[in-house]
Trainee: 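This is the structure I have questions about; it appears just below.
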Amino acid sequence: MSKVPNDPLLQVETTCGSLLYELQIIWDEVGESETERDKMLLELERECLEVYRRKVDQANRCRAQLRQAIADAEADLAAICSAMGERPVHIRQPDQSLGSLKEELRAILPQLEEMQKRKCDRRNQFVEILEQIQKISNEIHMYSEYTLSRTIVDETDLSLRKLEELNRELQALQKEKSDRVKHVLDLLNTLNSLCLVLGIDFKETVIEVHPSLGNDYEGTKNMSNETIEQLTTAIQRLREIKIKRMQRLQDLATSMLELWNLMDTPIEEQQMFQNVTCNIAASEHEIMEPNMLSVEFINQVEAEVSRLDELKASKMKELVLKKRTELEEICRKTHLIPESDSVVEVAIEAIESGAVDPACVLEQIELQIAKVKEEAFSRKEILEKVEKWLAACDEECWLEEYNRDENRYNAGRGAHLTLKRAEKARALVGKLPGMVEALASKTTAWENERGIEFSYDGIRLLSMLEEYTILRQEKEEERKRQRDQKKLQGQLMAEQEALFGSKPSPMKLQNGKKGPRLSTGGASTRRLSVGGTMLQTPKADPHSIKSTPNTRQAKKSDRLLHPIEQLKHPRDDACPALSAGGRDSDVAGLPLRNHSLNAVNAREVESPMRRKPFSPISSTESSKSHAITNVMNDLNRKQNEMLQKTLKGNNSQFSTPSKILSAGEEENWTPKAMPIHMPPTPSTVSVPMQTVMTPAHPPIPYNRVEETPEEIEYSFEEKRAGFVLPRTTHLKTPIQV
Amino acid sequence: MAVLPLVAGRELSSPPSDGISNLRFSNHSDHLLVSSWDKRVRLYDASANVLRGEFMHGGPVLDCCFHDDSSGFSAGADNTVRRLIFNLGKEDILGRHDAPVRCIEYSYATGQVITGSWDKTLKCWDPRGASGQERTLVGTYTQPERVYSLSLYGNRLVVATAGRHVNVYDLRNMSQPEQRRESSLKYQTRCVRCYPNGTGYALSSVEGRVAMEFFDLSDSGQSKKYAFKCHRKSEAGRDIVYPVNAIAFHPIYGTFATGGCDGYVNVWDGNNKKRLYQYSKYPTSIAALSFSRDGRLLAVASSYTFEEGDKPHEPDAIFLRSVNEVEVKPKPKAYPTPAS
C-alpha cells in the first residue's frame with residue numbers, strides 16, 4: 001500500500017496524513033488525553049481494515065464466477081462434441097495459460113456457439129430420417145400411435161454413426177415397402193384373373209379385403225400383413241370355387257359330348273359350346289378365359305345339357321316309335337299280325353315317366369324286328385305264291401263282273417285291251433285250282449316244318465284256301481244250275497216263239513234273275529253302279545269294294561279278315577234279314593221304357609243290381625256277333641220307312657209320324673219325357689224338303705203325352721244346377737222367329 | 001295288371017276349384033279359355049303355364065268361347081250372356097235368356113254369338129252393338145227342347161237338344177231349320193261336333209256311343225253314316241257304359257278324340273273306322289277336350305261331371321298333352337284290298 005505511486009492513492013494517503021495532522025491539531029487544542037487519542041486511532045485503523053477486507057472478498061468472488069463461466073462453456077462444448085461424436089476442438093492444457101481469465105472466456109465462447117449450431121443441423125437431419133422411417137413403418141405396420149413416440153430424437157447421440165444407422169434402417173424399410181407393394185400387386189393380379197374367369201366383380205372383392213386396394217392409382221394401397229393375409233385367403237377361396245366350378249363344367253362338357261355323339265348334333269350347334277368341350281381335360285391353371293366359369297355361363301351350359309337331355313328323351317321316344325312303325329311295316333308287308341298296340345303304348349308311357357330306359361326298349365324292339373325279319377324270310381316263298389293267288393282271284397272277280405256286262409262286246413275305246421285282259425284272265429282262272437292246291441301243300445309243309453300255323457293277316461292261310469275252294473265249288477254248282485235253267489228257258493222261249501212269234505228280251509230276264517242269285521252284297525252294289533242309277537258312286541261304300549273272292553260269301557269271313565277293326569259299319573243292302581233281327585233285339589230291350597229317365601245315370605249303369613235295363617244291350621250285341629250295330633240297322637230301316645212313307649204322305653207331317661209310331665212306340669222312351677204339344681208348324685209345309693228328306697221324324701208321340709205324365713229327362717248339368725223345367729212353358733205356343 | 005305311373009301330360013297350375021264345364025284353345029295362340037262351376041272364367045297361357053286372367057260371374061259358367069285373342073264370351077247359369085275383354089279385365093252383358101245358358105259359339109262367318117239355353121231357345125247376338133239388349137239381340141229361335149250342345153261349321157249350325165232332337169240350321173236363314181233330325185242314338189245327347197271338312201257331325205250320348213252323321217241327305221250320303229260303341233268296360237260279361245262327354249276334332253288330320261266319364265280319352269280315325277290311340281286313364285271323368293290350333297296340344301279337363309250326383313271326387317284338373325303324330329295321324333289300312 002505504501003508502495004502505490006499513483007496519484008489517487010497517494011492523494012488518499014496524503015489526505016489521510018493531512019487528516020491525521022488535522023486531528024492531532026484538534027486534539028492538541030482540545031487537550032485530549034493520550035489514551036483517548038490512542039483509542040481513537042485504533043478505532044480508525046480497525047475500520048480501515050474492515051473496508052479493505054470487504055473489497056478483497058468482492059474481487060475474489062468475481063474471479064470465481066469468471067472461472068465458473070469458463071468451466072461451464074468448456075463443459076457444454078465437451079458435451080456437444082461428445083454427442084456429435086467429434087473430438088472436442090478445444091482442450092485446455094492446464095499448464096498453458098493463455099492469459100487472463102477474461103481472455104480465456106472470450107476465446108471459448110465462439111467455439112461453443114458454432115458447435116451448437118452444428119448440433120442443431122445434425123438434429124434436424126435426424127428428425128427428417130426418423131420421420132421417414134416412421135412413415136414407412138406406419139404404412140407397413142399400420143400403427144398410428146407410433147407417430148408421436150418415435151419422432152423424439154435422442155439428443156445424447158447425434159453422431160454420424162447413428163445417422164448412418166438410421167439411414168440403413170430407412171433403406172431397409174424402403175426395400176421392404178417396395179417388396180410388399182410388389183407382393184400385393186402380384187396378389188391383386190392373381191385375384192383379378194380369378195375374378196375374370198369366375199365372372200366376379202374384381203373391385204368389389206378387393207374393396208371387401210381393404211378399401212384402399214380398390215384405388216386405381218398406385219402407391220396408396222394398404223400392404224399390412226393383415227391385408228396380405230386376407231388377400232391370400234381370398235385368392236385361396238376363389239381358387240377353390242374355381243376348381244369346383246371347373247369340375248362342374250367338365251362334368252357338363254362330358255355329358256354334352258356324350259349327348260352330341262348320341263344324337264349326331266350338327267356341328268353348327270356344337271360350335272357354340274366348343275370352348276366348353278375343349279377344356280374338358282384342362283387343369284385348373286389352364287382355364288384363363290374370362291367368364292369361362294361364371295355362374296351364368298355354367299347355367300347356360302347346364303341349360304344346354306338339359307335341353308339336349310330332353311331332346312334325347314323325345315328323340316328316344318321318336319326312335320322307339322320309328323322302330324315300332326318299321327316293325328309294323330314289316331309285319332304289314334309279310335301279313336303278320338304285329339303285337340298289340342298296347343305294348344308300345346306301355347313302353348312309351350314308361351319312357352315318358354322315366355320308369356324304363358328307352359335304350360332298353362329300343363333294344364327290345366330291335367330284337368323283335370330281327371325276329372320278325374327272320375320269320376318274314378321263311379314266309380317269303382309262300383307269300384309270293386299267296387300274292388299271285390290273290391291277284392288271280394282279283395282277275396277272276398273282274399272276269400265274272402265282265403262276263404255280266406252285256407255291253408262288253410261294244411266297240412268302245414280300249415275295248416280291245418279289255419278283251420285281251422279277259423283272255424288272259426280266263427287262262428289264269430283255269431290255272432287257279434292248281435295254284436290253290438300247290439299253295440295248300442306248300443303251306444302244310446311249312447306248318448309241319450315249324451309246328452305253327454301260317455297266318456295271313458291273322459287268319460290261317462289254310463282256312464282261307466279251304467274257304468275259297470268251298471266257295472268255288474258252290475259257284476260251280478250255281479253255274480251249273482244256271483246253265484240248266486238257261487237251257488230250260490231257251491226251250492220255253494222257243495215254245496213261246498213258236499206260239500207268238502216274238503222273243504222276250506233276254507236282258508230283262510237276265511236282270512230279274514241275276515239280283516237274287518248274286519251272293520255278295522258288294523257285287524250287287526256294283527251292279528247298281530254299273531246300271532247307272534247314280535245312287536251310289538263306286539266310292540260311296542269302300543267296304544263293298546273291299547269284298548274279296550275269298551270273303552265274298554258272308555260277313556263271317558269279312559270279320560275274319562278285319563279282326564283289328566273295331567268300328568263296324570253297316571252294309572245297308574247286304575242283309576235285310578239281319579237288320580230285321582237287330583230291330584227285334586231292340587224291341588227286346590224294351591223294359592227300359594218303364595224306367596225313369598234317370599236310369600241313364602252312370603251310377604245305375606255301373607251297379608249290377610240296378611243295371612237290368614242295360615243288360616239287354618250287351619246280350620243283344622253279343623247275340624248278333626256280326627259287324628252291324630243295331631243302331632245302324634234301326635237307322636236304315638227307319639230311313640227306308642220314312643222315305644217310303646213320307647213320299648207317300650207328302651207334306652202331311654202328322655200322318656207320317658203317327659204311322660211310324662207303331663214302330664217307334666215300343667222303343668222310343670224319350671218322348672215320354674216331354675209332355676209337349678208339338679206345334680203344328682205350318683211353315684214346314686211350304687218347305688217339303690225338310691220333312692220329306694230328313695230321315696229323322698218328329699219323335700213326339702202326341703197321343704201319349706197325356707197318358708204318361710212321367711219324370712222329365714234332365715242332363716247332369718241341369719240336375720246339378722237344380723234346374724227344373726217350369727210346367728207353364730209347355731202351354732206356351734212357341735213362336736218361330 | 002301292373003299300374004303304370006300316370007303320364008297324363010303336364011298339369012296346369014291353379015286349375016278351377018269346381019267342375020270344369022268347358023275349355024277351348026284360341027284360334028290364334030296357345031291361350032286356353034276355361035269355364036267352370038266355381039262361377040269363374042279363366043284365361044291361361046298354356047305354353048307358359050300361367051294364369052293370365054280371371055272373371056267372376058254371378059253364377060256357375062256353363063260354357064265359354066273366344067272371340068279373338070283379346071276377348072271372349074261366356075254363358076252362365078245365371079241366364080246371362082257376357083262378353084269378356086281380357087287385357088282390361090272388363091266384362092259387359094250381351095243379354096239374357098229365360099233360363100240358364102248351356103252353350104255358346106262365336107261364328108266367324110256372320111260375326112255373331114250364338115247361345116243355346118234350357119229355355120228352349122237359340123239366340124243370336126251381335127257383340128259389336130254392345131249397348132243394351134235391344135241392340136245386341138239379333139234373333140230368338142224356338143227349339144223343340146232344351147238346348148244341350150251346339151256346333152258350328154262355316155254357315156252350318158248343329159243344335160242338339162234334350163229329347164234327342166237335332167236341328168241343322170243355315171246361319172243365313174235362321175227362320176227354319178234346314179234339317180230336323182232325330183239322334184240316331186237312343187239315349188240323351190251329350191255333345192255334338194261338326195267334322196272339320198264340314199260334311200257332317202259326330203254326336204255322343206250318355207250311353208257310351210258316338211254316331212257319325214252326314215249332312216248329305218241323298219242315299220249315298222246317308223249310307224256312310226254309322227255309330228260305334230266306346231267308353232265301356234266289360235266286367236263279368238256285362239258292359240258298364242259311360243257317358244261320352246266330349247268330342248274334339250284334330251284340326252289337321254280330321255281324326256277326333258272322345259272323352260268319357262270313365263276317365264279315358266280315345267282318339268279315333270272316323271274314315272278308316274279305327275281307334276288310333278287310348279291315353280292312360282285320367283283321375284276322373286273327362287269333362288271337355290280341345291286341340292290347339294296346330295293340333296300339337298290337347299287340353300284335357302279331368303273334372304267330375306256330376307253324373308252320380310254330389311259325391312266326393314278327385315280334384316278338378318287340366319292336363320296339357322303334347323300330341324304325337326302317331327296318336328292322331330290316320331293309319332292306312334293294313335290289309336290288302338283284293339278285288340279292286
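Chain identifiers are assigned alphabetically (A, B, ...) following the order of the sequence lines, protein sequences preceding nucleic acid strands; residue numbering begins at 1 within each chain.
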Trainee: Would you give the length of the straight line joining atom CZ of A:Phe716 to atom SG of B:Cys261, rounded to the nearest 0.5 angstrom?
Mentor: 5.5 Å

Trainee: Between B:Tyr148 and A:Ser715, what is the shortest heavy-atom contact and its length?
Mentor: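 Reported closest heavy-atom pair: OH-N, 3.2 Å.
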
Trainee: Does a side-chain heavy-atom distance below 4.5 Å link A:Ile712 with B:Arg146?
Mentor: yes

Trainee: Considering only heavy atoms, which portion of A:Glu718 lies under 4.5 Å from any heavy atom of chain B: side chain, backbone, both, or neither?
Mentor: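 A:Glu718 touches chain B through backbone and side-chain heavy atoms alike.
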
Trainee: So, A:Glu713 side chain and B:Gly163 main chain: donor-acceptor pair closer than 3.5 Å or not?
Mentor: yes

Trainee: Is there a side-chain contact between B:Trp37 and A:Glu717, using heavy atoms and a 4.5 Å cut-off?
Mentor: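 Side chain of B:Trp37 against side chain of A:Glu717, heavy atoms only: contact under 4.5 Å found.
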
Trainee: Under 4.5 Å heavy-atom distance to chain A, tell me which part of B:Asp262 shows up: side chain, backbone, both or neither.
Mentor: neither

